Amino acid sequence: MQLVSASEAKQRFAALLDAVQREPVTIRRQKREVAVVLSPADYRRLTGTNIEMFQRFCDGVSESAKARGMTEKELNALLSD
């Protein structure tokens with residue numbers, strides 16, 4: 001991952017936009033990381049993966065509860081508390 005200073009990012013913004021099409025770029029200010037700039041495709045991939053992983057987790061919990069005999073009525077009772 002490429003690292004650039006905040007002042008360099010400001011001065012070379014067009015080049016920064018080109019660079020993020022190849023890889024994410026970390027922006028540093030006063031020796032600490034303050035931002036990561038990435039392409040829309042990378043952003044969609046990251047957020048989509050999280051949503052898909054969460055859905056798979058929920059599906060697994062649901063199947064496990066069904067296998068143990070939990071009914072929809074019991075679930076609603078638990079959620080209403």
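All of these numbers come straight from a predicted model, not from anything done at the bench. All values below were derived from every heavy atom in this structure, side-chain atoms included, with hydrogens, water molecules and symmetry-related copies excluded.
The distance from atom CD of Glu33 to atom OG1 of Thr26, rounded to the nearest 0.5 Å, is 5.0 Å. Separation of atoms CD (Glu23) and CG (Asp42) is listed at 10.0 Å; rounding is to 0.5 Å. In this structure, Arg44 CZ and Leu38 CG are separated by 10.5 Å, a value rounded to the nearest 0.5 Å. Between Glu8 atom CD and Arg28 atom CZ the span is 12.5 Å, to the nearest 0.5 Å.
Residue Gly69 comes nearest to Glu74 through the heavy atom pair O-OE1, 3.6 Å, listed as atom of the first residue, atom of the second, then distance.
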- Message: The test is side chain to side chain contact (heavy atoms under 4.5 Å, CB included); show your working for Ser39 and Gln21 and say whether it passes.
- Response: CA-CA 5 Å; Ser39 70; Gln21 299 309 309; 3.9 Å; yes

Per-pair distances, 0.1 Å, donor-acceptor, side chain in residues 50-63, under 3.5 Å, sequence neighbours excluded:
| residue | atom | partner | partner atom | Å |
| --- | --- | --- | --- | --- |
| Asn50 | ND2 | Leu46 | O | 3.4 |
| Gln55 | NE2 | Asp59 | OD1 | 2.9 |

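Residue Leu17 is found in a hydrophobic cluster whose other members, listed by chain and number, are Val4, Phe13, Leu16, Val20, Val25, Ile27, Val34, Val37; membership requires side-chain heavy atoms under 4.5 Å apart, directly or through intermediates. Cluster note: Leu78 groups with Met70, Leu75, Leu79 through ILVMFWY side-chain heavy atoms spaced under 4.5 Å, whether in direct contact or through intervening members.
The closest donor-acceptor contact from the side chain of Arg12 to the backbone of Ala15 lies at 3.5 Å or more, if one exists at all.
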